[in-house]
Colleague: 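Below you will find the structure I want to go over with you.
Note on naming: letters A, B, ... go to the chains in the order of the sequence lines (proteins, then strands), and numbering restarts at 1 for each one.
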Number of protein chains: 2
Amino acid sequence: MLTISRLAAYAGVTVRAVRHYHRIGLLPEPARDRSGYRTYDAVAVVRLIRIRTLADAGVPLARVQELLDAGTKEFAGGVQEIDKALRAEIRRLQDTRGRLARLAAGEHLALPQSVVDYLDRLRGLGVEERYIEMERDAWIMIAAQVPHSIDAVIAKKHEELDDPDTVRLYSLLSGALDWPADDPRIVEVADIMERLMVRAMEAGEVGADDGIDDQFVDLLDSAMVESSPHAARLLAILEERGWKGWTRIERVPADRLNTEPPPS
Amino acid sequence: MLTISRLAAYAGVTVRAVRHYHRIGLLPEPARDRSGYRTYDAVAVVRLIRIRTLADAGVPLARVQELLDAGTKEFAGGVQEIDKALRAEIRRLQDTRGRLARLAAGEHLALPQSVVDYLDRLRGLGVEERYIEMERDAWIMIAAQVPHSIDAVIAKKHEELDDPDTVRLYSLLSGALDWPADDPRIVEVADIMERLMVRAMEAGEVGADDGIDDQFVDLLDSAMVESSPHAARLLAILEERGWKGWTRIERVPADRLNTEPPPS
DNA sequence: GCTTGACCTTGACGCTGGGTCAACCCTCCA
DNA sequence: TGGAGGGTTGACCCAGCGTCAAGGTCAAGC
């Protein structure tokens, strides 16, 4: 007969595990010798190895018990199911390896590929990294809010970049981070924006539902205002000309201009 | 800003998990709005996704914290280590799939291949399945006791099977399970055994150390005695002729014969 | 016959990574 | 105004053992 440690060593488990299996009734308590030691036979070895094989496959011990005490047919079915789960787990781990590699490479796992491509395009246009980081954070927030429509939104932004005016706009905005507070070029920015807005209105693109809720639009706008001292001035200029907003543009009717107090 | 549930949904985790990460200090507690709700920004999204990527790879959360708060170099090293562990885990799972298939096919995972081959050879010689099962259980116990030398022991048994006398012996023993209690063929068994023992002694094989301890030899012998009513008779006949044991054979000097009390 | 060291016993607490209530508050919409 | 559907904290629960703690047993050597 075997002692508990021989049994455990042969089956490749710890003594503690064997005792655990006894407590939960997975492995029957064997006879004891006169000093109280457990004495095991070959049947216990076979059962323990079957337990380990299933447990190593990630099967919960309760399920292991069901399977080992079930008929041949149910057992075969269960094993097939376990094997399927095992294949899935292997695929998941391979997938995780891929994500890990991308994480190590510094890729932005927080963003869908479409957004990453868009940011790369901006980078290619010479937009400064500081500005791109601001954009990136905004996109992360947008993607988190409306994960289902992010690709459509990005597609529209890509179209906009086909317009040389938009390219010029980004080029100006990127540099603006270093402008002095009263730099006159901000007026040029406003001019370009107004041209773009007019064209967008004519194309019927303004006021279209983008699926982003109003509060969130306000939030992105205020984040923009906080990002640079020029931002508030730019919005003020545009508002004088009858435009409102940044993330989402609105035309303000002339009679409502300046009837509301300025934002705090 | 994001609420906890939007953050969680976007990163693919549960709200509960996010709060757990706050409690263990893995994700910093964000600011609250005036009603006490947590409000998250893009930085939190990025951090949470990094946490998940590492946690999905099986990294303990404490280690995740170390890695995320470490320098680029240490991070890269850590990720490499994790990837190695991931590869090892994938291999382990593939291995487990193999063992699972063998388990489902009814193979004896409790036995090394050499023993399985040996039992198959016995089966090929026409030995009855009942007898083979007894042999198998004995081999399981032996393999558990002396896993390192089991292959050598089996090699010796294979050699013995090259002797036609041994083959005849097994053929008789296999059928003996159904013999009446006083079947005279038991004497033929004893004759064959004696011939084999003499030859083994002449070859100097008796008394060689097989690495199996005495107590265990006694145990296997007594298991043999319990397995069949003929076993005791067979041992008695052999003992009259000056031989002792079964698992391990000893020559008993003539002057010591019958001087000890019979075993209980 | 005594010690030593390896092994055995039971029992209790600890750990990870959250799940699952419970009991209550906040916000939004009809 | 009230009800759904968020949010908040807190407390307990789970597997599958690891890890002491506090001893009893056994074989071996001196």
Colleague: Can you tell me the distance, in whole Å, between the CZ atom of A/R63 and the P atom of D/dG16?
Modeller: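 Distance check: A/R63 CZ to D/dG16 P gives 13 Å.
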Colleague: Is a salt bridge present between A/E133 and A/R136, judged by a nitrogen-to-oxygen distance below 4.0 Å?
Modeller: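 Salt bridge absent between A/E133 and A/R136.
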Colleague: Could you tell me how far apart B/I4 (CD1) and C/dC26 (P) are, to the nearest whole angstrom?
Modeller: 17 Å
Colleague: Grab the CG-P distance between B/L2 and D/dG7 for me, whole Å please.
Modeller: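 Distance check: B/L2 CG to D/dG7 P gives 11 Å.
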Colleague: Respond yes when some side-chain nitrogen or oxygen of B/T3 is under 4.0 Å from OP1 or OP2 of D/dG7, and no when none is.
Modeller: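 Checking D/dG7 against B/T3, a side-chain N or O does come within under 4.0 Å of OP1 or OP2.
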Colleague: Tell me if a side-chain donor or acceptor on B/D151 pairs with a main-chain N or O of B/I154 at a distance below 3.5 Å.
Modeller: no
Colleague: Which parts of residues 11-41 of chain A get close to DNA chain D, meaning a heavy atom less than 4.0 angstrom away?
Modeller: A/T14, A/R16, A/A17, A/H20, A/Y21, A/S35, A/Y37
Colleague: Identify whether NZ of Lys or CZ of Arg in A/R50 sits under 6.0 Å from the centre of the six-membered ring of A/F75 and within 45° of that ring's axis.
Modeller: yes
Colleague: Within this structure, what is the CD1-to-C1' distance between B/I51 and C/dG17, rounded to whole angstrom?
Modeller: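 Atom CD1 in B/I51 sits about 13 Å away from atom C1' in C/dG17.
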Colleague: Any idea how B/H22 and B/Y40 line up, ring-wise: parallel (<30°), tilted (30 to 60°), or perpendicular (>60°)?
Modeller: parallel
Colleague: Can you name the closest pair of heavy atoms from A/P147 and A/I150 and give their distance?
Modeller: O-CG2, 3.3 Å
Colleague: Tell me: CG of B/L7 to P of D/dT8, nearest whole Å?
Modeller: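 Value for this atom pair: 11 Å.
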Colleague: Are B/R47 and B/D69 close enough for a salt bridge, meaning some N to O gap below 4.0 Å?
Modeller: yes
Colleague: For a quick test of reading the model: is some side-chain N or O of A/R6 closer than 4.0 Å to OP1 or OP2 of C/dA6?
Modeller: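 Checking A/R6 against C/dA6: no side-chain N or O falls below 4.0 Å of OP1 or OP2.
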Colleague: Could you state the CD-P distance from B/Q65 to C/dT16, rounded to the nearest angstrom?
Modeller: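 My rounded result for the distance is 12 Å.
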